[in-house]
Enquirer: 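Below you'll find the structure I mean.
Labels below follow one simple rule: chain letters A, B, ... track the order of the sequence lines, proteins then strands, and each chain is numbered from 1. What's counted below: heavy atoms across the whole structure, side chains too, no hydrogens, waters or symmetry copies.
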Protein chains: 2
Amino acid sequence: MNDLNTELRDLRLGERLRILRERAGLSQRALAKRANVTNATISLVEADKTNPSVGALRRILDGIPVSLSEFFAFEPEPEQVIFYQAEDLPEIGKGKLSLKRVGNSQFGRAMTILHERYEPGADTGRVMYQHEGEEGGVVVSGRIEVTVGEERRILGPGDGYYFDSRKPHRFRQVGGEPCVIVSACTPPTF
Amino acid sequence: MNDLNTELRDLRLGERLRILRERAGLSQRALAKRANVTNATISLVEADKTNPSVGALRRILDGIPVSLSEFFAFEPEPEQVIFYQAEDLPEIGKGKLSLKRVGNSQFGRAMTILHERYEPGADTGRVMYQHEGEEGGVVVSGRIEVTVGEERRILGPGDGYYFDSRKPHRFRQVGGEPCVIVSACTPPTF
DNA sequence: GCAGAGTGTTAACGATCATGAACGACCTAA
DNA sequence: TTAGGTCGTTCATGATCGTTAACACTCTGC
């Protein structure tokens with residue numbers, strides 16, 4: 001019916017699913033295999049030619065994986081393209097802690113990405129920074145002690161962290177080797 | 001059969017719907033009338049004896065009224081995990097491209113951080129992915145060709161990028177050495 | 001006791017979905 | 001060029017959903 005079509009278009013299930021699937025780098029068939037449905041199902045859903053059951057949609061999303069709540073909460077945003085050469089990145093910090101920011105600190109940016117280098121002895125200080133947003137990162141080399149709220153851990157290469165920036169937090173380099181981290185925080189407070 | 005039943009119980013649609021409906025002070029028939037479905041449908045959904053279509057569920061929820069995102073918002077709560085050890089990070093990709101995600105892909109996350117490794121020959125493909133949000137990152141080691149829209153650059157260690165994810169983009173490893181990147185994207189589509 | 005109107009449940013059937021198997025288009029390698 | 005692989009799409013069919021129409025039960029008022 002026409003009713004069905006308008007309802008399907010209204011939900012925009014297909015558009016969203018396609019975006020998520022492609023972002024995950026999965027073909028319809030690959031996702032279908034993970035999700036225990038057939039590729040035809042995914043094709044039809046993405047084309048808004050069927051109104052899937054909640055269970056089927058969930059199985060599909062599990063394969064990506066995305067939760068139903070994530071799936072039904074959507075949002076938009078704009079910006080421009082830029083590449084940055086290492087030597088062009090603005091250096092913010094001084095001394096034992098150097099920060100290189102990827103991209104400018106512009107309005108409308110959803111986040112800021114930093115390339116951080118902690119020389120031996122570097123410490124963001126006992127003043128525990130707090131600010132709106134969330135932040136996370138991955139340790140590339142060296143070791144660092146991270147304190148968030150009451151929790152404290154020492155992270156090494158390949159380890160990661162993610163927390164609400166409103167929790168007080170502190171980073172302190174440990175060991176003899178400089179520690180390099182790539183991090184992101186949102187919103188861009190720098 | 002039994003599979004269906006476990007899936008239905010797993011979703012707990014019925015329980016949630018009943019709670020919401022009763023909170024709104026509506027009988028099954030009263031809600032059915034508002035929602036343009038029949039009382040039988042609501043009865044079966046609440047009893048977990050059917051797996052409603054997304055459209056049907058939406059009509060029902062509209063009658064309460066509750067949005068789909070609200071309805072699914074009280075899904076399994078994200079644990080407040082902050083630190084991640086390298087070996088604990090879930091590996092998403094396969095073959096030449098491996099992705100490790102820092103943290104879970106849970107509702108409410110502002111972004112997702114990935115530790116990406118491109119083996120020689122790795123390529124996200126000529127299908128240029130597009131999705132909502134923004135993304136950026138820093139190359140840790142190796143070299144990679146990044147194409148965003150009409151622009152193309154080869155990035156090496158320390159170089160960075162940042163762009164609107166709605167522009168079509170592609171990553172392709174170049175050179176003999178594997179390429180490692182730490183990236184972040186928002187919103188978390190993984 | 002007995003209508004009458006409310007509640008939620010259930011069976012049978014037509015409408016719709018999910019499947020399996022095709023299809024053409026597009027690559028890549030031989 | 002051909003063969004083999006991928007990709008997304010389409011169609012017929014069995015499986016399942018949503019509806020219609022009944023059902024049993026609980027009230028309330030007469």
Enquirer: Quick one: do A:Thr147 and A:Arg152 satisfy side chain to side chain donor-acceptor pair (under 3.5 Å)? Show the steps, please.
Expert: CA-CA 4 Å; A:Thr147 307; A:Arg152 175 171 303 173; 3.1 Å; yes
Enquirer: Looking at the side chain of B:Ser53, which of D:dT19, C:dT19, D:dG18 is the nearest nucleotide?
Expert: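 It is D:dG18.
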Enquirer: OP1, OP2 of C:dT7 versus side-chain N and O of B:Ser27: anything below 4.0 Å?
Expert: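 For C:dT7, OP1/OP2 do have a side-chain N/O of B:Ser27 under 4.0 Å.
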Enquirer: With sequence neighbours left out, what residues match B:Glu15 under salt bridge (Lys or Arg N to Asp or Glu O under 4.0 Å)?
Expert: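 Expected list: B:Arg12.
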Enquirer: What's the CG-C1' distance between A:Asp48 and C:dC17, to the nearest Å?
Expert: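 In whole Å, C:dC17 C1' lies 15 Å from A:Asp48 CG.
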Enquirer: C:dT7 phosphate, OP1 or OP2: any side-chain N/O from B:Arg21 under 4.0 angstrom?
Expert: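 Checking B:Arg21 against C:dT7: no side-chain N or O falls below 4.0 Å of OP1 or OP2.
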Enquirer: Under the salt bridge (Lys or Arg N to Asp or Glu O under 4.0 Å) test, which residues partner B:Arg18, sequence neighbours left out?
Expert: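 For B:Arg18 the salt bridge (Lys or Arg N to Asp or Glu O under 4.0 Å) partners, ignoring immediate neighbours, are B:Glu46.
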Enquirer: Do B:Arg29 and C:dG6 share a donor-acceptor pair, side chain to base, under 3.5 Å?
Expert: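 Absent.
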Enquirer: Within less than 4.0 Å of OP1 or OP2 of C:dT16, is there a side-chain N or O belonging to A:Thr50?
Expert: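 Checking A:Thr50 against C:dT16: no side-chain N or O falls below 4.0 Å of OP1 or OP2.
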Enquirer: Under 3.5 Å, which protein N or O atoms sit close to an N or O of nucleotides 10-13 of chain D? Give each pair with its distance.
Expert:
from   : atom 1 : to      : atom 2 : distance (Å)
D:dT10 : OP2    : A:Lys49 : NZ     : 2.6

Enquirer: Looking only at non-hydrogen atoms, find the nearest pair between B:Leu155 and B:Gly160 and report the distance.
Expert: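 Looking at all heavy atoms of both residues, the shortest contact is CD1-O, 3.8 Å.
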Enquirer: Can you tell me how far C1' of D:dG18 sits from CG of B:Leu31, to the nearest Å?
Expert: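 Rounding to the nearest Å, CG of B:Leu31 and C1' of D:dG18 are 15 Å apart.
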Enquirer: According to a strict under-4.0 Å criterion, is A:Gln28 in side-chain N/O contact with OP1 or OP2 of D:dT9?
Expert: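 Checking D:dT9 against A:Gln28, a side-chain N or O does come within under 4.0 Å of OP1 or OP2.
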Enquirer: OP1 or OP2 of C:dA18 sitting under 4.0 Å from any side-chain N/O of A:Thr38?
Expert: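 For A:Thr38, the contact criterion (side-chain N or O under 4.0 Å from OP1 or OP2 of C:dA18) is not met.
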